[in-house]
Amino acid sequence: QVQLVESGGGLVQAGGSLRLSCAASGRTFGNYVMGWFRQAPGKERAFVTTVSERGRGTYYADSVKGRFTISRDNAKNTVYLQMNSLKPEDTAVYYCAASWRGGTKPNEFDYWGQGTQVTVSS
């Protein structure tokens with residue numbers, strides 16, 4: 001079992017930056033692929049990015065490539081999402097998730113946090 005708790009969301013102007021954190025419980029954090037997804041009102045949950053178990057491999061949705069950076073610190077059981085050059089269309093609830101096998105679909109992830117709201121004003 002892994003419990004995930006996100007933090008760092010908030011309100012920011014377009015062009016600004018935010019860093020989200022996701023703290024995980026348990027001693028097996030380093031065995032999971034970690035990901036971030038987001039869900040805007042009235043839309044389905046969408047893939048944002050993943051990072052491999054040791055942090056060497058990352059993958060991004062085209063919509064955030066070059067603006068967002070995922071990283072992890074296995075010693076701290078934490079994964080981060082640095083978001084730069086934010087746009088109003090980035091407004092969503094952001095979810096941290098853990099997967100034994102990785103992927104880009106929500107049903108490929110086994111554990112989820114409660115989400116943190118990110119609002120980007122124009």
Side-chain angles (χ1 to χ4, degrees):
Q1 275 279 8
V2 175
Q3 292 185 325
L4 304 172
V5 179
E6 301 97 334
S7 61
L11 173 65
V12 64
Q13 286 190 333
S17 298
L18 280 175
R19 188 173 87 151
L20 306 183
S21 299
C22 172
S25 65
R27 288 180 277 183
T28 59
F29 177 74
N31 292 342
Y32 292 93
V33 171
M34 297 300 297
W36 288 94
F37 289 77
R38 64 187 182 185
Q39 188 164 18
K43 295 189 176 181
E44 294 187 351
R45 195 165 295 190
F47 169 77
V48 176
T49 180
T50 55
V51 61
S52 61
E53 294 89 331
R54 299 288 185 268
R56 294 175 187 147
T58 57
Y59 185 68
Y60 296 92
D62 287 344
S63 58
V64 306
K65 204 172 292 183
R67 300 188 298 122
F68 290 12
T69 303
I70 189 171
S71 61
R72 66 189 296 164
D73 185 338
N74 286 353
K76 295 182 178 179
N77 278 15
T78 302
V79 61
Y80 304 97
L81 182 64
Q82 178 66 44
M83 304 185 294
N84 298 328
S85 302
L86 282 160
K87 305 175 181 180
E89 52 263 43
D90 294 319
T91 295
V93 177
Y94 283 71
Y95 295 91
C96 172
S99 171
W100 284 111
R101 56 204 173 281
T104 61
K105 298 181 178 63
N107 63 7
E108 295 173 311
F109 282 74
D110 305 289
Y111 302 101
W112 291 85
Q114 82 289 349
T116 186
Q117 177 71 47
V118 171
T119 303
V120 184
S121 64
S122 57

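In this text the structure is predicted, and so the values were computed from the model without any measurement.
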Are [X] and [Y] side-chain neighbours, meaning at least one heavy-atom pair lies under 4.5 Å?
X     : Y      : result
Asn77 : Arg72  : no
Trp36 : Val79  : yes
Val33 : Glu53  : yes
Arg38 : Ser63  : yes
Lys87 : Arg67  : yes
Leu86 : Leu18  : yes
Gln1  : Tyr111 : yes
Gln82 : Phe68  : no

Any idea which heavy atoms bring [X] and [Y] closest together, and the distance?
X     : Y      : answer
Ala14 : Ser122 : CB-CA, 4.4 Å
Asn74 : Gly30  : ND2-CA, 3.8 Å
Thr78 : Ser21  : CG2-CB, 4.4 Å

Same cluster for [X] and [Y] if Ile/Leu/Val/Met/Phe/Trp/Tyr side chains link at under 4.5 Å?
X     : Y     : result
Tyr95 : Leu81 : no
Tyr94 : Tyr59 : no
Val51 : Val2  : yes

For this session: Rounded to the nearest 0.5 Å, what's the gap from OG on Ser99 to CE on Met34? Could you check?
Result: 9.5 Å
Problem set entry | side-chain contact (heavy atoms from CB on, under 4.5 Å) between Thr50 and Thr58, intermediate numbers included | CA-CA 6 Å; Thr50 55; Thr58 57; over 6 Å; no
For this session: Spell out, as yes or no, whether a donor-acceptor pair under 3.5 Å connects the side chain of Glu6 to the backbone of Gln114.
Result: yes
For this session: Show your working on side-chain contact (heavy atoms from CB on, under 4.5 Å) between Arg45 and Val93 and close with a plain yes or no.
Result: CA-CA 9 Å; Arg45 195 165 295 190; Val93 177; over 6 Å; no
Exercise. Yes or no on side-chain hydrogen bond (donor to acceptor under 3.5 Å, both in side chains) for Gln117 and Thr119, after CA distance, side-chain angles and deciding distance?
Worked result: CA-CA 6 Å; Gln117 177 71 47; Thr119 303; 3.3 Å; yes
Exercise. What residues, two or more places apart in sequence or in another chain, satisfy ring-ring contact (aromatic ring centres under 6.0 Å, His included) together with Phe37?
Worked result: Phe47, Phe109, Trp112
For this session: Please check if the distance between the ring centroids of Tyr32 and Trp100 is under 6.0 Å.
Result: yes
Problem set entry | Within 6.0 angstrom of Arg101 CZ, more than 12 heavy atoms from elsewhere | yes
Exercise. Got a sec: does the NZ of Lys65 have more than 12 other heavy atoms crowding it under 6.0 Å?
Worked result: yes
Exercise. Hey, are Ser17 and Asn84 close enough side-chain-wise for a donor-acceptor pair under 3.5 Å?
Worked result: yes
Exercise. Going through the checks in order, is the side-chain contact (heavy atoms from CB on, under 4.5 Å) test met by Tyr60 and Val48?
Worked result: CA-CA 6 Å; Tyr60 296 92; Val48 176; 5.9 Å; no
For this session: Tell me, with the steps shown, if Thr116 and Leu20 meet side-chain contact (heavy atoms from CB on, under 4.5 Å).
Result: CA-CA 8 Å; Thr116 186; Leu20 306 183; 4.0 Å; yes
